Amino acid sequence: MANIGIFFGSDTGKTRKIAKLIQQKLGDVADAPVNINRTSLETFLSYPVLVLGTPTLGDGQLPGFAAGCESESWGEFIDQLADANLSGKIVALYGLGDQQGYPDNFASALRPLYDAVVGCGAQVVGEWPGDGYDFSFSAALEGDKFVGLVLDQDNQFDLTDERVASWLEQIKPQIL
Ligand SMILES: Cc1cc2nc3c(=O)[nH]c(=O)nc-3n(C[C@H](O)[C@H](O)[C@H](O)COP(=O)(O)O)c2cc1C
């Protein structure tokens with residue numbers, strides 16, 4: 001087992017694709033990405049470092065039944081996390097959104113994921129500048145920074161590879 005576990009939720013596969021890109025760039029320090037609806041809390045908790053990815057669905061929501069998805073996802077998993085202890089763990093978050101289609105809730109689902117892991121005692125790394133995007137509101141902003149890497153495959157897919165590479169360089173000292 002590698003040190004870094006990559007877990008993602010996804011409705012149409014874009015967040016899964018980014019998980020694979022992240023793993024490719026990290027190499028063998030990270031295990032192959034796993035859909036959050038195909039793991040157990042025990043496996044999730046076995047990693048000292050977690051990279052967690054989510055799209056924003058519904059109205060600023062995590063994927064899952066409540067957001068209209070056909071299968072379980074983060075929405076259900078964070079209920080299981082409620083009593084978990086993540087102290088000592090390092091967590092890096094990335095989120096996908098559509099700034100043109102949903103400018104008033106851009107990538108907002110990073111917020112409930114961030115709150116859930118911080119509430120369990122994890123240390124979150126990898127905040128990301130809010131400039132370079134055009135939107136009116138995001139719950140994922142903390143001041144002028146997002147609580148994790150934000151990607152927009154719908155409108156800025158050409159920037160993704162560079163954003164992922166630069167974010168990984170930024171967090172490598174904390175996750176390796
Ligand atoms: C029904 C629906 C609702 C969405 N709601 C939001 C939203 O509130 N905020 C946002 O930034 N993006 C929203 N999106 C865009 C998705 O987050 C974006 O397309 C993402 O890349 C999808 O990732 P996935 O393929 O992993 O599911 C929504 C997309 C759909 C289909």
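Numbers here simply count residues along the sequence, with the first being 1. Keep in mind it's a predicted model, so treat the numbers as computed, not measured. Counting starts at 1 for both ligands and their atoms, in listed order.
Atoms of ligand 1 lying under 4.0 Å from at least one heavy atom of Thr12, given by number and element, are 24 (P), 25 (O), 27 (O). When each atom of ligand 1 is checked for a heavy atom of Phe106 under 4.0 Å away, the hits are 11 (O).
With hydrogens and angles ignored, the 3.5 Å screen pairs no side-chain donor or acceptor of Lys20 with any backbone N or O of Pro33. Using modelled atom types, no side-chain atom of Thr54 and backbone atom of Leu62 make a donor-acceptor pair closer than 3.5 Å.
The hydrophobic clustering, which links ILVMFWY residues whose side-chain heavy atoms are closer than 4.5 Å, places Val124 and Leu176 together.
For atom 8 (O) of ligand 1, the closest heavy atom belonging to the protein is Gly60 N, 3.0 Å. Of all protein heavy atoms, the one lying nearest to atom 3 (C) of ligand 1 is Tyr102 OH, 3.3 Å. In terms of protein heavy-atom proximity, atom 23 (O) of ligand 1 is closest to Pro55 CB, 3.3 Å. Shortest contact from atom 15 (C) of ligand 1 to any protein heavy atom: Asp98 CB, 3.6 Å. Ranking protein heavy atoms by distance to atom 11 (O) of ligand 1, first place goes to Ala107 N, 2.9 Å. The protein non-hydrogen atom at the shortest distance from atom 16 (C) of ligand 1 is Thr56 O, 3.4 Å. Distance from atom 5 (N) of ligand 1 to its nearest protein heavy atom, with residue and atom name: Gly58 O, 3.1 Å. The nearest protein atom to atom 21 (O) of ligand 1, hydrogens excluded, is given as Lys14 CD, 3.4 Å; this is a heavy-atom distance.
At a 4.0 Å cut-off, not a single heavy atom of Ser108 sits close enough to ligand 1 to count as contact.
Annotation: Phe7 is not in aromatic contact with Phe77 [ring centroid separation under 6.0 Å not met].
Every N/O-N/O distance between Gly97 and ligand 1 stays at or above 3.5 Å. Taking only nitrogen or oxygen atoms, main chain and side chain alike, Asn105 reaches within less than 3.5 Å of ligand 1.
Residues Ser166 and Trp128 have side chains in contact (heavy-atom distance under 4.5 Å, counting atoms from C-beta outward).
The closest heavy-atom contact to atom 18 (C) of ligand 1, among the options Asp11, Leu96, Asp154, Asp104, comes from Asp154.
Ring orientation note: the planes of Phe146 and Phe106 are nearly perpendicular, at an angle over 60° on the 30°/60° scale.
With a heavy-atom cut-off of 4.0 Å, Ser10 touches ligand 1 through backbone and side chain alike.
Ala30 approaches Gln23 most closely through the heavy-atom pair O-NE2, 3.1 Å.
Between Glu72 and Arg38 there is no salt bridge, since no side-chain N of the basic residue sits under 4.0 Å from a carboxylate O of the acidic one. For Lys172 and Glu169, the salt-bridge test passes: some basic side-chain N is under 4.0 Å from an acidic carboxylate O. A salt bridge is absent between Asp152 and Lys14: the closest approach of a Lys/Arg side-chain nitrogen to an acidic carboxylate oxygen does not fall below 4.0 angstrom.
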